[in-house]
Amino acid sequence: MTSAANPAPQPAPLWQPDSDRIAAARITRFQAWAAERYGAPAEGGYPALHRWSVAELDTFWQAVADWFDIRFSSPYEAVLADRTMPGAQWFPGATLNYAEHALRTAEDPARAGDPALLHVDETHEPVEISWSALRRQVGSLAAQLRALGVRPGDRVSGYLPNVPQAVTALLASAAVGAVWTSCAPDFGARSVLDRFQQVEPVVLFAVDGYRYGGKEHDRTDVVAELRRELPTLRAVVHIPLLGTPAPEGAVEWSALTSDEVEPVFEQVPFDHPLWVLYSSGTTGLPKAIVQSQGGILLEHFKQLGLHCDLGPEDRFFWYTSTGWMMWNFLVSGLLTGTTVVLYDGSPGYPDTGAQWGVAERTGATLFGTSAAYVMACRKADVHPGRDFDLSRVKGVATTGSPLPPDGFRWLHDEVREDLWIASVSGGTDVCSCFAGAVPTLPVHIGELQAPCLGTDLQAWDAQGRPVIGEVGELVVTNPMPSMPIRFWNDPDGSRYRDSYFDMFPGVWRHGDWITITDHGSVIIHGRSDSTLNRQGVRMGSADIYEVVERLPEIRESLVIGLEEPDGGYWMPLFVHLAEGAVLDEALRTRIKQAIREQLSPRHVPDEIIEAPGVPHTLTGKRIEVPVKRLLQGTALDKAVNPGSVDNLDLLRFYEDVARKRG
């Protein structure tokens with residue numbers, strides 16, 4: 001038995017940075033500099049720096065602005081004039097421009113010819129775009145947008161894959177003070193209109209199609225429908241990815257980007273909108289989340305320059321699409337003078353190990369992917385360290401869902417033993433991370449290294465009390481600069497307040513279950529709105545998936561906990577089987593045994609049901625709440641927004657299960 005005086009021994013970390021790595025990390029240099037200039041603690045490493053960053057929030061963010069040399073064209077009157085959430089007032093009086101900072105490296109003659117972007121498609125041959133070429137294109141496009149009448153505050157939209165033109169269009173929009181918004185071209189017309197109709201764009205950048213999995217996908221009909229259904233459009237810009245001529249009335253991309261024009265950067269207030277991101281919108285119209293130029297600039301400098309340890313010598317690759325906030329985060333790698341790798345195509349083409357090939361060919365130093373991809377590589381018996389030259393990769397970061405312990409072990413064993421593994425967690429809502437990467441801390445299996453700087457992250461029980469070492473709601477008790485300035489078309493702010501501040505007024509509740517450990521790391525258990533609560537014992541669905549999907553027969557799973565009218569509780573587990581596997585009594589027994597022994601006997605499912613697949617959002621997250629609604633008897637059209645789902649037909653299977661059960 002252990003006591004407070006004699007606690008259980010902490011398991012040895014999977015990875016520990018050596019003293020040279022700690023000394024070389026930018027966060028170490030920042031701490032020493034901030035200790036000298038701003039009173040940050042010189043000793044105590046990251047934990048002491050984090051405590052200071054939340055206790056002295058104003059001073060910390062002032063130090064970040066100073067360290068990264070933010071160009072305020074007019075000075076700020078205060079760092080944080082009002083701390084109220086929602087509605088915190090950051091850097092009032094200040095003006096600046098995000099795109100100016102993203103293109104700053106091009107001003108350095110020694111770097112202007114270096115690659116700003118490396119573009120890779122399914123041929124896997126990288127194409128370079130230099131800093132000077134990117135700056136010139138942005139200058140030309142920004143001038144043309146102004147000539148088209150685009151003014152600060154106007155919305156500019158992109159129906160584009162992860163290609164250099166998307167980066168240029170985002171930066172040109174930000175340069176003129178317009179508000180950028182984008183969707184990936186695998187989104188159907190309805191999904192795009194659910195998003196773009198809310199914000200009424202004046203310009204649409206659109207491709208004629210895209211390539212994925214070795215096939216070409218024509219999107220000309222979708223683009224025609226978008227043009228018909230978006231009456232506010234003044235211009236459509238055609239990007240001929242598949243080589244087709246511009247449709248009638250559209251402007252060719254090349255006509256807008258070929259002038260030799262220095263970019264003019266509109267100086268906008270700190271809280272001027274930069275872009276609109278969208279929630280997955282599984283149970284209604286997606287939330288149109290507005291983030292500010294200044295808030296994103298500061299948050300991303302901190303996240304990329306300190307937590308991700310990125311600088312001019314780095315190459316930053318994250319597998320993403322323009323329909324996910326990680327694309328916006330990836331583009332911000334430009335802020336730190338880093339070469340950004342854009343991959344457009346299927347993550348598993350021509351085979352499961354393809355992303356490691358991209359990392360090798362581009363010399364990626366930080367490689368970002370999804371937890372699902374890591375687990376797919378493990379199941380497919382991929383050996384990245386053996387089959388690819390990954391000597392330049394110093395870290396692998398994962399997000400999208402919690403990285404299971406087996407994923408940590410696999411990366412450590414199969415990529416490299418001396419590998420920094422950063423499982424990170426945040427959200428579209430802040431376009432950043434609440435917890436994750438710290439280059440100077442050890443990595444423990446199944447844990448995120450620590451809460452991020454300036455983020456007062458806590459786990460709260462139902463009474464609003466902070467807890468350590470037990471499961472609680474993820475809350476943030478102080479504002480972050482990248483929190484939404486508002487939602488679009490939410491004039492009284494009620495939808496914004498209801499989304500994050502309904503449970504604990506004035507405190508951001510994110511909707512995740514987490515544990516903060518006694519050594520300061522964070523464990524994510526999944527969404528709290530799909531918690532499994534059996535006989536008073538709560539568990540996140542992610543814990544179940546981790547155990548079940550270790551079994552080679554299980555491709556993917558979905559667990560739902562249903563409170564029944566008579567006070568009962570029904571917990572089915574749906575399993576999508578690997579090819580050739582059969583859900584017989586033996587497999588059912590092994591699934592139940594694994595959950596009983598590795599998790600909890602109370603969370604053994606009542607039924608194990610074979611499913612043709614697991615439905616996801618368009619950004620690849622498992623859909624739990626709509627399936628729960630279907631099983632409760634809600635009609636399909638009321639339970640889910642069809643435009644938010646990757647495969648609507650799959651939901652008919654779950655609807656059928658509900659019907660048979662009802």
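Given the structure is predicted, the values throughout are model-derived calculations rather than measurements. Heavy atoms only: backbone and side chains are in, while hydrogens, waters and symmetry mates are out. In what follows, residues are counted from 1 in the order of the sequence shown.
Distance check, rounded to the nearest 0.5 Å: OG of Ser332 to CG of Leu304 gives 6.0 Å. In this structure, Thr617 OG1 and Asp646 CG are separated by 7.5 Å, a value rounded to the nearest 0.5 Å. Atom CD of residue Gln89 and atom CG of residue Leu80 lie 9.0 Å apart, to the nearest 0.5 angstrom. For the atom pair OG1 of Thr398 and CZ of Phe367, the computed distance is 10.5 Å after rounding to the nearest 0.5 Å. Between Tyr210 atom OH and Tyr159 atom OH the span is 7.0 Å, to the nearest 0.5 Å. Within the model, atoms CZ of Arg26 and OG1 of Thr28 stand 11.0 Å from one another, a figure rounded to the nearest 0.5 Å.
In this structure, a donor-acceptor pair under 3.5 Å is absent between the side chains of Tyr278 and Asp194. In this structure, a donor-acceptor pair under 3.5 Å is present between the side chains of Thr477 and Asp456. For the residue pair Trp420/Gln449, the side-chain donor-acceptor check at 3.5 Å is satisfied. Of the N and O atoms on the side chains of Glu200 and Thr232, not one donor lies less than 3.5 Å from an acceptor on the other residue.
Checked by atom type and distance alone, the side chain of Thr338 never pairs as donor or acceptor with a backbone atom of Asp314 at under 3.5 Å. Thr399 places a side-chain N or O within donor-acceptor distance of the main-chain N or O of Val424, the cut-off being under 3.5 Å. Not one N or O on the side chain of Thr257 forms a donor-acceptor pair closer than 3.5 Å with the backbone of Val138. Looking at Asp429, its side chain never comes within 3.5 Å of a backbone N or O of His510 through a donor-acceptor pair. Side-chain atoms of Ser279 come within 3.5 Å of backbone atoms of Lys287 as a donor-acceptor pair (strictly under, hydrogens ignored). Looking only at distances, a side-chain donor or acceptor of His50 sits under 3.5 Å from a matching main-chain atom of Cys452. Under the 3.5 Å distance criterion, the side-chain polar atoms of His101 are left unmatched by any main-chain donor or acceptor of Ile70. For Arg135 (side chain) and Ala106 (main-chain N/O), no donor-acceptor pair under 3.5 Å exists by modelled atom type. Distance alone, capped at 3.5 Å, is enough to place a donor-acceptor pair between the Thr365 side chain and the Arg315 backbone. The backbone N or O of Val264 lies less than 3.5 Å from a partner atom in the side chain of Arg146, making a donor-acceptor pair.
Considering Asp309, Leu310, Thr105, Leu306 in turn, Leu310 is the only one that fulfils the side-chain contact (heavy atoms from CB on, under 4.5 Å) rule with Thr336. Partner of Leu474 under the side-chain contact (heavy atoms from CB on, under 4.5 Å) criterion, out of Ile516, Val522, Asp512: Asp512 alone. A side-chain hydrogen bond (donor to acceptor under 3.5 Å, both in side chains) with Ser432 holds for exactly one of His307, Glu299, His300; it is Glu299.
Residues Val340 and Val331 form no side-chain contact, since every pair of their non-hydrogen atoms from C-beta on lies 4.5 Å or further apart. A heavy-atom distance below 4.5 Å is not found between the side chains of Pro484 and Val290. Contact of the Leu160 side chain with the Trp327 side chain is not registered, since no non-hydrogen atoms from C-beta on lie closer than 4.5 Å. Contact check for Asp344 versus Leu241: side-chain heavy atoms found under the 4.5 Å cut-off. Within the 4.5 Å cutoff, the side chain of Gln291 has heavy atoms near those of the Leu277 side chain. Using a 4.5 Å cut-off on side-chain heavy atoms (C-beta onward), Arg195 and Phe187 make contact. When side chains are defined from C-beta on, Phe434 counts as touching Trp508, because their heavy atoms get closer than 4.5 Å. Contact check for Ser321 versus Asn162: no side-chain heavy atoms found under the 4.5 Å cut-off.
Closest approach of Leu256 to Ser140, counting heavy atoms only: O-OG, 2.8 Å. Summarising the geometry of Ala178 relative to Val156, their closest heavy-atom pair is CB-CG2, 3.9 Å, with the distance given to 0.1 Å. Heavy-atom minimum distance, Phe68 versus Arg104: O-NH2, 2.9 Å. Taking all atoms of both residues into account, the shortest heavy-atom contact from Asn97 to Ala175 is ND2-O, 3.5 Å. Across Pro481 and Ser292, no two heavy atoms sit closer than the pair O-OG, 4.2 Å. Summarising the geometry of Arg495 relative to Asp490, their closest heavy-atom pair is N-OD1, 3.0 Å, with the distance given to 0.1 Å.
Salt-bridge formation is detected for the pair Arg111/Asp114: a Lys NZ or Arg NE/NH1/NH2 atom is positioned less than 4.0 Å from an Asp or Glu carboxylate oxygen.
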Would you sort out whether Val54 and Leu457 count as a side-chain contact (heavy atoms from CB on, under 4.5 Å), showing the intermediate values?
CA-CA 9 Å; Val54 295; Leu457 182 76; over 6 Å; no
Show your reasoning for whether side-chain contact (heavy atoms from CB on, under 4.5 Å) applies to Ile27 and Leu453.
CA-CA 10 Å; Ile27 207 164; Leu453 294 174; 3.9 Å; yes
Carefully, step by step, assess Leu170 and Ser182 under the rule side-chain contact (heavy atoms from CB on, under 4.5 Å).
CA-CA 9 Å; Leu170 160 58; Ser182 62; over 6 Å; no
Set out, in order, the CA-CA distance, both residues' side-chain angles and the distance that settles side-chain contact (heavy atoms from CB on, under 4.5 Å) for Leu334 and Val167, then state yes or no.
CA-CA 10 Å; Leu334 298 171; Val167 177; 4.1 Å; yes
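Taking the six-membered ring where the residue is Trp, the centroids of Phe72 and Phe91 are separated by under 6.0 Å. Trp318 and Tyr343 have their aromatic ring centers separated by at least 6.0 angstrom.
With sequence neighbours left out, the side chain to side chain contact (heavy atoms under 4.5 Å, CB included) criterion links Ser74 to Thr95. The side-chain hydrogen bond (donor to acceptor under 3.5 Å, both in side chains) test applied to Gln293 returns no partner, not counting sequence neighbours.
Residue pairs meeting the salt bridge (charged side-chain N to carboxylate O under 4.0 Å, His left out) criterion with at least one member in residues 74-85, sequence neighbours excluded: Asp58-Arg83.
Between Phe487 and Tyr500, the ring-plane angle classifies as perpendicular under the 30° and 60° cut-offs.
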